[in-house]
Visitor: 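Please find one structure pasted underneath; my questions will follow.
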Amino acid sequence: MMLIELVEKANIEALKAHDKQARAVLTIIITRYRQLLIEARIDNKEVGDVDLVRVINKVVKELSEEKDGYTKVGNAEMVKAIAYQEETAKSFLPKMLSEDEIRLEIAKLADKSIPAVMKHFKTNFDGKVDMGLVNRLARTI
């Protein structure tokens with residue numbers, strides 16, 4: 001089952017449960033994924049789970065920034081609502097590699113140059129690793 005099917009199923013469940021917060025974030029994710037499909041069709045490209053993970057990560061980042069704004073103005077109700085949306089979106093993300101797992105993977109590589117390390121992680125762990133963290137760790141090894 002593709003990840004988008006899981007998101008769509010969760011959206012239907014949220015509708016049945018009258019969960020407006022979950023529906024709001026899931027609808028945003030589905031809409032952005034469909035926009036991506038349209039753009040991909042124009043360019044004759046395939047769209048898969050990795051692309052959806054990127055969409056979800058972007059939505060989570062936007063929610064986090066929005067939550068920070070409400071935290072600064074002291075709107076606890078909105079902070080709670082957005083935190084719930086954020087967790088709903090995060091539940092569809094794959095488990096990210098930890099710092100230790102990244103270090104172990106870098107240690108296995110014959111070529112530990114930054115470009116080679118970044119390419120290895122982009123090719124093998126796209127959507128499952130924070131590339132900024134990989135870059136920082138690669139510089140310390």
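Just so you know, these numbers come straight off a predicted model, no measurement behind them. Below, all heavy atoms of this structure are taken into account, side chains as well, without hydrogens, waters or symmetry copies.
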Visitor: Do E105 and F125 touch side chain to side chain, with heavy atoms closer than 4.5 Å?
Guide: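 With C-beta onward as the side chain, the pair touches.
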Visitor: Identify the heavy atoms of V55 and I29 that sit nearest to each other, and give their distance.
Guide: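 Reported closest heavy-atom pair: CG1-O, 4.1 Å.
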Visitor: Just by distance, do the side chain of T31 and the backbone of T27 share a donor-acceptor pair under 3.5 Å?
Guide: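 Pair found, side chain donor or acceptor close to backbone of T27.
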Visitor: Linking I/L/V/M/F/W/Y whenever their side-chain heavy atoms sit closer than 4.5 Å, directly or via other members, would M118 and L97 fall into one cluster?
Guide: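 They do share one cluster, since a chain of ILVMFWY contacts under 4.5 Å joins M118 to L97.
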Visitor: From F121 CZ over to D130 CG, what is the distance, rounded to the nearest 0.5 angstrom?
Guide: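 That separation rounds to 11.5 Å.
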Visitor: Is there a continuous path of hydrophobic side-chain contacts, each under 4.5 Å between heavy atoms, that joins V129 to L109?
Guide: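 The answer is yes; both residues are in one hydrophobic cluster.
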Visitor: Inspect the contact between R32 and E62 and indicate whether a charged nitrogen and a carboxylate oxygen are less than 4.0 angstrom apart.
Guide: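 R32 and E62: salt-bridged.
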Visitor: Are Y84 and D19 packed together at the side-chain level, in the sense that at least one heavy-atom pair is separated by less than 4.5 angstrom?
Guide: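 Touching, per the 4.5 Å side-chain cut-off.
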Visitor: Less than 3.5 Å apart, which donor and acceptor atoms pair up between the side chains of residues 4-12 and the rest of the protein, not counting sequence neighbours?
Guide:
{"residue": "E5", "atom": "OE1", "partner": "M2", "partner atom": "N", "Å": "3.0"}
{"residue": "E8", "atom": "OE2", "partner": "R34", "partner atom": "NH2", "Å": "3.3"}
{"residue": "N11", "atom": "OD1", "partner": "R23", "partner atom": "NE", "Å": "3.2"}

Visitor: Can you tell if the side chain of E87 reaches within under 4.5 Å of the side chain of K90, non-hydrogen atoms only?
Guide: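 Yes, close enough: below the 4.5 Å cut-off.
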Visitor: Sequence neighbours left out, what pairs pass side chain to side chain donor-acceptor pair (under 3.5 Å) with at least one residue falling in residues 67-77?
Guide: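 Sorted result for residues 67-77: K67-E86.
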Visitor: With sequence neighbours left out, what residues match E99 under side-chain hydrogen bond (donor to acceptor under 3.5 Å, both in side chains)?
Guide: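 With sequence neighbours excluded, E99 shows a side-chain hydrogen bond (donor to acceptor under 3.5 Å, both in side chains) to R103, given in chain and number order.
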Visitor: Please enumerate all residues that pass side-chain hydrogen bond (donor to acceptor under 3.5 Å, both in side chains) together with S98, with sequence neighbours excluded.
Guide: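 With sequence neighbours excluded, S98 shows a side-chain hydrogen bond (donor to acceptor under 3.5 Å, both in side chains) to E101, given in chain and number order.
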Visitor: Run the side-chain hydrogen bond (donor to acceptor under 3.5 Å, both in side chains) test against Q21 and tell me which residues pass, sequence neighbours left out.
Guide: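 Listed in chain order: Q85.
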Visitor: Would you say that I56 contacts L3 through its side chain, given a criterion of any heavy-atom pair below 4.5 Å between the two side chains?
Guide: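 Heavy-atom side-chain distance check passes, below 4.5 Å.
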Visitor: Do I114 and M131 share a hydrophobic cluster (ILVMFWY, side-chain heavy atoms under 4.5 Å, transitive)?
Guide: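 Looking at the clustering, M131 is in the same group as I114.
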Visitor: Any side chain to side chain donor-acceptor pair (under 3.5 Å) pairs touching residues 38-47, not counting sequence neighbours?
Guide: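 Non-adjacent pairs meeting side chain to side chain donor-acceptor pair (under 3.5 Å): zero.
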Visitor: Rounded to the nearest 0.5 Å, what's the gap from CD1 on I106 to NE2 on H120? Could you check?
Guide: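 Going from CD1 on I106 over to NE2 on H120, the span is 9.0 Å.
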